[in-house]
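Nothing here was measured: the structure is a model prediction, and the numbers come from that model.
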Amino acid sequence: MEVINAIGRRKEAVARIYLSEGSGNITINKRELAQYFPAATLQYIVKQPLNTIGVADNYDIKVNLYGGGFKGQAEAVRLAIARALVKIDAESKPALKAEGFMTRDSRVVERKKPGRPKARKRFQFSKR
């Protein structure tokens, strides 16, 4: 099997992954998954598509990841892995889509408006 590549985005995070047959190693920016994401919940988010199909130990994944915060980065990797798995086996798409892993979450930070301290917050109103 040749190397499959895919891209995933979430907020400002961009993940480019290279998926190949192997023993289940996930390397993010030349570091192990547990070292890059010490929190167990973020490791769980990254592995969700693999565990849904049951192929967690079949593929090695190399990830180039930049931008965003740790939660956005983990969800960007999840989307990229799901897209790569569908490239390998199209029959796995319904299972991944049912879990919501195939959808790009388009929510991003709303821009700050002029005359306001934040996007929607207003300065304190003074009647007199």
Assigning hydrophobic clusters by single linkage (Ile, Leu, Val, Met, Phe, Trp, Tyr; side-chain heavy-atom cutoff under 4.5 Å), is [X] placed with [Y]?
{"X": "Ile88", "Y": "Val55", "value": "yes"}
{"X": "Phe101", "Y": "Tyr44", "value": "no"}
{"X": "Ile45", "Y": "Met102", "value": "yes"}
{"X": "Ile53", "Y": "Val77", "value": "yes"}

Heavy-atom distance under 4.5 Å between the side chains of [X] and [Y], does that happen here?
{"X": "Thr27", "Y": "Leu33", "result": "no"}
{"X": "Lys62", "Y": "Ile17", "result": "no"}
{"X": "Ile61", "Y": "Tyr18", "result": "no"}
{"X": "Leu65", "Y": "Tyr36", "result": "yes"}
{"X": "Val3", "Y": "Leu19", "result": "no"}
{"X": "Ile4", "Y": "Ser20", "result": "no"}

Taking [X] for the side chain and [Y] for the main chain, is one N or O donor matched with an acceptor at less than 3.5 Å?
{"X": "Arg122", "Y": "Arg120", "result": "yes"}
{"X": "Asp60", "Y": "Ser23", "result": "yes"}
{"X": "Lys87", "Y": "Asn5", "result": "yes"}

Audit row: Lys113, Glu110, salt bridge (Lys or Arg N to Asp or Glu O under 4.0 Å) steps and yes/no: CA-CA 9 Å; Lys113 313 300 189 305; Glu110 191 173 341; 2.7 Å; yes
Would you give the length of the straight line joining atom [atom1] of [X] to atom [atom2] of [Y], rounded to the nearest 0.5 angstrom?
{"X": "Arg9", "Y": "Arg16", "atom1": "CZ", "atom2": "CZ", "result": "7.5 Å"}
{"X": "Asp105", "Y": "Arg10", "atom1": "CG", "atom2": "CZ", "result": "4.0 Å"}
{"X": "Glu21", "Y": "Glu2", "atom1": "CD", "atom2": "CD", "result": "9.5 Å"}
{"X": "Lys47", "Y": "Arg78", "atom1": "NZ", "atom2": "CZ", "result": "15.0 Å"}

Which heavy atom of [X] sits nearest to which heavy atom of [Y], and what is that distance?
{"X": "Arg116", "Y": "Ala119", "answer": "NH1-O, 3.5 Å"}
{"X": "Leu85", "Y": "Ser92", "answer": "O-OG, 3.7 Å"}
{"X": "Ile7", "Y": "Ala80", "answer": "C-CB, 3.8 Å"}
{"X": "Leu96", "Y": "Ala82", "answer": "CD1-O, 3.8 Å"}
{"X": "Gly8", "Y": "Arg83", "answer": "CA-NH1, 4.4 Å"}
{"X": "Phe37", "Y": "Phe70", "answer": "CE2-O, 3.6 Å"}

Let me see the working for Ile81 and Leu79 under side chain to side chain contact (heavy atoms under 4.5 Å, CB included), right down to the final yes or no. CA-CA 5 Å; Ile81 290 172; Leu79 176 62; over 6 Å; no
Judged by modelled atom types alone, do Tyr66 and Gln73 share a side-chain donor-acceptor pair under 3.5 Å? no
NZ/Lys112: more than 12 non-hydrogen atoms of other groups inside 6.0 Å: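 Yes.
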